[in-house]
Protein chains: 2
Amino acid sequence: MPSDDLPVPVFSKPVTLRDVAAQAGVSVATASKALNSQGRMTAETRERIRETARRLGFRPNSLAQSLLRRRSFTVGLLTNDTYGRFSLPLMSGISDALVDNGVSVFLCNVEEDPRLGQMHVDAMLDKRVDGIIATGKRIDRHLPVDLSNLRVPVIYAFTQPDPDAVAFVSDDVGGARLAVEHFCRLGRKRIAHVTGPASFAVVHARVQAYRDVLVENGLPVSEPLLGSWSEAWGHQAVAQLFDGKSERPDAVFCGNDQIARGVIDALRERGLDVPSDVGVIGFDNWEIVAEATRPPLTSVDMNLVALGREAGLTLLSLVGGKPAAPGIRKLPCRLVVRQSCGHPPGG
Amino acid sequence: MPSDDLPVPVFSKPVTLRDVAAQAGVSVATASKALNSQGRMTAETRERIRETARRLGFRPNSLAQSLLRRRSFTVGLLTNDTYGRFSLPLMSGISDALVDNGVSVFLCNVEEDPRLGQMHVDAMLDKRVDGIIATGKRIDRHLPVDLSNLRVPVIYAFTQPDPDAVAFVSDDVGGARLAVEHFCRLGRKRIAHVTGPASFAVVHARVQAYRDVLVENGLPVSEPLLGSWSEAWGHQAVAQLFDGKSERPDAVFCGNDQIARGVIDALRERGLDVPSDVGVIGFDNWEIVAEATRPPLTSVDMNLVALGREAGLTLLSLVGGKPAAPGIRKLPCRLVVRQSCGHPPGG
DNA sequence: TTCATCTGAGAAAAGGTTTTCTCAAACAAT
DNA sequence: ATTGTTTGAGAAAACCTTTTCTCAGATGAA
């Protein structure tokens, strides 16, 4: 017996090609050809079939098409970035690039759980995804799944690839240079760097770029301060920078926007004005943080949406059989200038 | 000619049931039955087939199964919450609830674009999703798509449903009561409310709950301050609350965590201590904000993961043909106590 | 008239699985 | 020895679409 006497909604059956063909008085083969602009028939027949399809609201069953074509117009996005800080902009770009081609995206969060990862990968493969994009919350870590030797192409975006895989990451070195060079152009002389823990590869890359730019500009290089990615660390780092007896910085380049936020708050507490006394630049351009900061934070944007779009398009061409050179492609960052570093001396 | 002479990766063909059957020396029908524990055959035959399947790494083609069963083990999640503030926890709950049943989730961001929305809905329908969950970035707004009279069941989560639809939302009234009652228990006497714009339905619901609890506790009701959802507004509201000649509040209940953040910062700038002078509670429990606040912010959590799980399970049962009562179900919030409102007088 | 070519359209196979139907062999009962 | 029942397993249809093959009729040339 039914568990309840609620009305069970009844859903109308989809109209199939067979229905269209019957209505139009032709065979399914002819109907198919009419709708796909294939085969030969009088213009009159073709139009009649098309009109019938339109009238009936016919939409081809993707499952049947996929089965035949061995192509499902579906891709999987694998991530362990639960709160989507990085994977959502990426997703947005991917989806953007693919929706026009009728491709839909399975989003699978695998956390750090290999079992869960395997389940998702298996489910996607069973559903015959055309390809997989792997992403994560940090560039230098693998997802807890083995994606080598899959039956479908895999693209890595913003996460560490298998060797020989095709990967897209942001150009952290370039991004860091953008920030430090901006300070140089503004005439800042003592530029500090406060960033995350040494366990992150990006930290070293950016530190190196920071040093390089300072040397190139003949400015003194102070030791970068490594800590955590938190606001609290930014706050604390200011104490280290300004309490010591070494000369005070007039600019701080921060490893992310939260650190920058902490730095700015600490500076204000010390009565230092941003940007007139000290300029600050963040990283990530997390708008919700960068725009809420007072003053609004200048920050390096990793162009994740563009990165996602690129990854999506490349996957698509890979699926289409076009080869792609394996290796890591770095996509440029851009500096989003707000009000936390002031104007050039002359401006 | 090929655009390049790169090696084109060659992907091995999946092994089909036919392959298994051939290897085991039986018909595909028998093989299918063996693997699905259907039909009749000797235990020996069944085991031999299973062993063969295992050895060959056979995995049934989901597309073929779906085509036959008219059930794709796939659902669509439609959202316009680009940065996933609300939809990602929801997604996480949905995915959690469904992955064990082998169900995968298409994530579709429709922004505010009806054309895009229609594209995504069409694509999902063509791919024969078993059902759709609609969500959004605010409860009292429709997505820019018409989901009535679809061929599949639709569940609304955290967004305004069609009449007669099944919907899950957070119990904002209960959540607000939780916060204000907490202040009352702590012995706070002059509790203010700073929240978002009047155009949001939740603002009114929470304001009403705020008033009710104060009246129930015999406390004075001050006019709630409506503004925007931003940190800046929280900052500014403190000026209004503390510069006037009316009695100063000893507690502020905020409409979201960003406002709370602004409030706390402004209080500190005035030399007021949180929590000893003024207690503060936020809403949303956005951990990245709530935990970075100094002191860490007590906040109302809408239990979005649980809400997503509930929505997923209900959709599943709807897909399975079990009816569900239409209407809006409110799920309780919970208060996550951190350090921004202090201990009870006796504690 | 006869042969060759072209045209429009249908029949059938394919894609991979599930399920119903059928059937021969083995067995039990008369 | 005949009839009835059970058992194990295969044939075939179904899901829906695409594509190749086939073919009858029409047209053109000789």
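Residue numbers begin at 1 in each chain, while the letters A, B, ... track the order of the sequences. As the structure is a computational prediction, the values presented were derived from the model and not from experiment.
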Of all residues at least two apart in sequence or in a different chain, which pass the side-chain hydrogen bond (donor to acceptor under 3.5 Å, both in side chains) check with [X]?
X	answer
A:R71	A:D130
B:Q118	B:D122
B:S170	B:D172
A:N61	none

Problem set entry | Non-hydrogen atoms of B:V319 and B:P153 that approach each other most closely | CG2-CG, 4.0 Å

For this session: Would you check if the side chain of B:D81 reaches a backbone N or O of B:S87 as a donor-acceptor pair within less than 3.5 Å?
Result: yes

Exercise. Does B:K127 use its side chain to pair, donor to acceptor, with the backbone of A:F73 at less than 3.5 Å?
Worked result: yes

Report the distance from atom [atom1] of [X] to atom [atom2] of [N], rounded to the nearest whole Å.
X	N	atom1	atom2	answer
A:L17	C:dA12	CG	C1'	15 Å
B:D126	D:dT17	CG	P	10 Å
B:K13	C:dG15	NZ	C1'	12 Å
A:F58	D:dT17	CZ	C1'	8 Å
A:N36	D:dT20	CG	P	13 Å
A:K127	C:dG16	NZ	P	19 Å

All salt bridge (charged side-chain N to carboxylate O under 4.0 Å, His left out) counterparts of [X], not counting sequence neighbours:
X	result
B:D162	none
A:D96	A:R309
B:R115	B:D113

Exercise. When we call it a touch if two heavy atoms are under 4.0 Å apart, what does A:S32 touch: a base, just sugar-phosphate, or nothing?
Worked result: base

For this session: Could you point out which residue of A:I133, A:L107, A:L143 forms a side chain to side chain contact (heavy atoms under 4.5 Å, CB included) with A:L78?
Result: A:L143

For this session: Scan nucleotides 21-27 of chain D nucleotide by nucleotide, 5' to 3', and note B when protein non-hydrogen atoms come under 4.0 Å of the base, S if they reach only the sugar-phosphate, - if neither.
Result: -------

Exercise. Under a 4.0 Å heavy-atom cut-off, which of residues 46-55 of chain A touch DNA chain C?
Worked result: none

Problem set entry | Ion pair check, B:R48 and B:E51, cut-off under 4.0 Å | no

Answer yes or no: does a side-chain N or O of [X] lie under 4.0 Å from OP1 or OP2 of [N]?
X	N	value
B:T45	D:dA9	yes
B:T30	D:dG10	yes
A:T42	C:dA9	yes

Seminar exercise, completed: Per the under-4.0 Å heavy-atom filter, residues of residues 61-74 of chain A near DNA chain D come out as A:N61, A:A64, A:Q65, A:L68, A:R69

Problem set entry | Residue whose nearest DNA chain C nucleotide is more 5′ - A:A29 or A:R128 | A:A29

For this session: Enter the inter-axis angle for the ends of the helix from C:dT1-D:dA30 to C:dT30-D:dA1 (five pairs per end, rounded to 10°).
Result: 70°

For this session: Give every residue pair that meets the ring pair (Phe, Tyr, Trp, His ring centres under 6.0 Å) criterion with at least one member in residues 86-129 of chain A, sequence neighbours excluded.
Result: A:F86-A:F158, A:F106-B:F106

Seminar exercise, completed: Distance col, row A:L63:CG vs B:D126:CG, nearest 0.5 angstrom, shows 9.5 Å

